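Not measured: the values here are computed from a predicted model.
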Amino acid sequence: MSLTGKPEEITDSDAIAGILSGDTALYEVIIRRYNPYLYKTGRAYGFNHQDTEDLMQETYISAFLSLGKFENRSSFKTWITRIMLNRCFQKMKKSRYQKEMPTELKDDENHRQMFANSPRIADREVLIRELNHILEKALEEIPTEYRIIFSLRELNGFSVAETSEALAISESNVKVRLSRAKKMLRGRIEQMYSPAGVYEFDLIYCDKMVERVMTAIRGNFSINRK
């Protein structure tokens, strides 16, 4: 890359200027920087992992070919996200796409066991993954217009103004939809758990605790029989 400094220190404007001057290798900076944003956008639209990657590729190619038309009227983040949103909308419109859960998440029990049986994964990480799984499932059950708002604002960190511009709706509409999205998510999440299941001490943990306590008792303690 011709620009000096670390990739994260290269601004979008500098990268774009370099690319337009012939240093196409700089486009890697753009791709790495916006992969998380575009991926979350595609998944929020209801597409599976593979289709989201395909849409991201189409978006990056389209953005690259149109880079000379980018006029800095909005942030590059907003501009490329709008391209991704348009790709998602067109794909959904053409194929009347039906949501598809990622294969690894189709069987909840297998999902739970996969992490519960892995000694390398800390309990905290298991809990975080389970909570993320619950949120993903809840997101899939709310209407797309609210799912997209939640994704842009809460997952991608867009401001109200950026979200408004990306979706071509008013800022007040952004706020209203986000509030409704959160309310819908709370309702879905409440339906997905029971009080008895929260912080449930699964059998695998129970067995380990029994073994630990009994080993300690046998080796170090005796009952006072007086």
Side-chain angles (χ1 to χ4, degrees), residues 7 10-13 15-20 24-106 132 135-171 173-174 177-178 180-181 184-185:
I10 300 174
T11 66
D12 289 345
S13 297
I16 291 169
I19 294 165
L20 293 177
T24 56
L26 280 170
Y27 202 55
E28 180 180 339
V29 173
I30 297 294
I31 296 172
R32 292 185 180 281
R33 182 168 295 162
Y34 291 102
N35 274 340
Y37 296 100
L38 301 191
Y39 185 76
K40 290 174 184 176
T41 299
R43 293 307 303 270
Y45 236 100
F47 295 108
N48 63 20
H49 175 81
Q50 184 60 56
D51 285 332
T52 297
E53 285 192 328
D54 291 344
L55 287 163
M56 289 168 66
Q57 179 177 332
E58 293 174 11
T59 296
Y60 284 128
I61 292 173
S62 178
F64 181 81
L65 294 174
S66 303
L67 210 53
K69 300 178 182 179
F70 177 62
E71 300 176 345
N72 286 301
R73 292 180 180 177
S74 60
S75 68
F76 184 79
K77 179 174 69 174
T78 301
W79 185 72
I80 198 168
T81 299
R82 289 187 69 174
I83 296 175
M84 180 69 175
L85 286 168
N86 185 58
R87 290 282 174 175
C88 291
F89 176 75
Q90 292 300 326
K91 181 174 179 64
M92 181 175 285
K93 185 178 179 181
K94 284 182 179 180
S95 61
R96 305 182 73 177
Y97 186 87
Q98 294 184 348
K99 292 185 299 183
E100 181 177 317
M101 286 284 287
T103 303
E104 66 271 19
L105 299 183
K106 286 183 178 179
N132 286 342
L135 179 57
E136 287 174 3
K137 289 188 68 176
L139 276 169
E140 289 170 357
E141 295 179 5
I142 69 175
T144 301
E145 60 184 296
Y146 297 105
R147 194 164 63 240
I148 293 299
I149 288 286
F150 185 87
S151 175
L152 293 179
R153 289 283 288 118
E154 300 297 323
L155 304 184
N156 280 333
F158 275 41
S159 67
V160 172
E162 288 173 329
T163 305
S164 170
E165 186 171 1
L167 297 176
I169 60 178
S170 68
E171 292 188 12
N173 204 342
V174 170
R177 290 191 189 182
L178 179 60
R180 290 177 180 172
M184 290 178 188
L185 284 173

Exam field: side chain S66 to backbone K69, donor-acceptor pair closer than 3.5 Å: no
Check against side chain to side chain contact (heavy atoms under 4.5 Å, CB included), I30 and Y27: CA-CA 5 Å; I30 297 294; Y27 202 55; 4.0 Å; yes
Interatomic distance, M92 atom CE to T144 atom OG1 [nearest 0.5 angstrom]: 4.5 Å
Distance (rounded to the nearest 0.5 Å) between L167 CG and L152 CG: 5.5 Å
Pair L55-E58, side chain to side chain contact (heavy atoms under 4.5 Å, CB included): steps then yes or no: CA-CA 5 Å; L55 287 163; E58 293 174 11; 4.0 Å; yes
Close side-chain approach of I169 and I149, heavy atoms under 4.5 Å: yes
Closest heavy-atom pair and its distance - M56, N35: CE-OD1, 3.3 Å
Which residues share a side chain to side chain donor-acceptor pair (under 3.5 Å) with N86, sequence neighbours left out: none
Set of residues satisfying side-chain contact (heavy atoms from CB on, under 4.5 Å) with respect to M184, sequence neighbours excluded: I142, P143, Y146
Residue that, paired with Q50, satisfies side chain to side chain donor-acceptor pair (under 3.5 Å) out of N48, T52, D54: D54
N-O pairing of D12 and R33 below 4.0 Å: yes
Verdict with supporting geometry, H49 and Y39, side chain to side chain contact (heavy atoms under 4.5 Å, CB included): CA-CA 8 Å; H49 175 81; Y39 185 76; 2.9 Å; yes
side-chain contact (heavy atoms from CB on, under 4.5 Å) partners of A161, counting only residues at least two apart: S159, E171
Donor-acceptor pair, side chain of R43 and main chain of F47, under 3.5 angstrom: yes
CA sep, side-chain torsions, deciding dist, call: F158, K77, side chain to side chain contact (heavy atoms under 4.5 Å, CB included): CA-CA 9 Å; F158 275 41; K77 179 174 69 174; 3.5 Å; yes
All side chain to side chain donor-acceptor pair (under 3.5 Å) counterparts of T24, not counting sequence neighbours: none
Spacing of S74 atom OG and I80 atom CD1 [to the nearest 0.5 Å]: 11.5 Å
Distance-minimising heavy-atom pair for A166 and L85: O-CD1, 3.9 Å
Separation between CG of N173 and OG1 of T163, rounded to the nearest 0.5 Å: 11.5 Å
Considering all heavy atoms, the nearest T59-R87 contact: OG1-CG, 3.7 Å
Parallel, tilted or perpendicular: rings of Y34 and Y37 (30°, 60°): tilted
Minimal non-hydrogen separation, S62 against I83, with atom names: OG-CG2, 4.0 Å
Results of side-chain contact (heavy atoms from CB on, under 4.5 Å) for L67 - residues two or more places apart only: I16, I19, L20, F76, W79
Heavy-atom pair of closest approach, residues N72 and S13: OD1-OG, 4.3 Å
S164: side chain to side chain donor-acceptor pair (under 3.5 Å) partners, not counting sequence neighbours: none
Taking every non-hydrogen atom, the tightest pair across R177 and E145: CZ-OE1, 3.7 Å
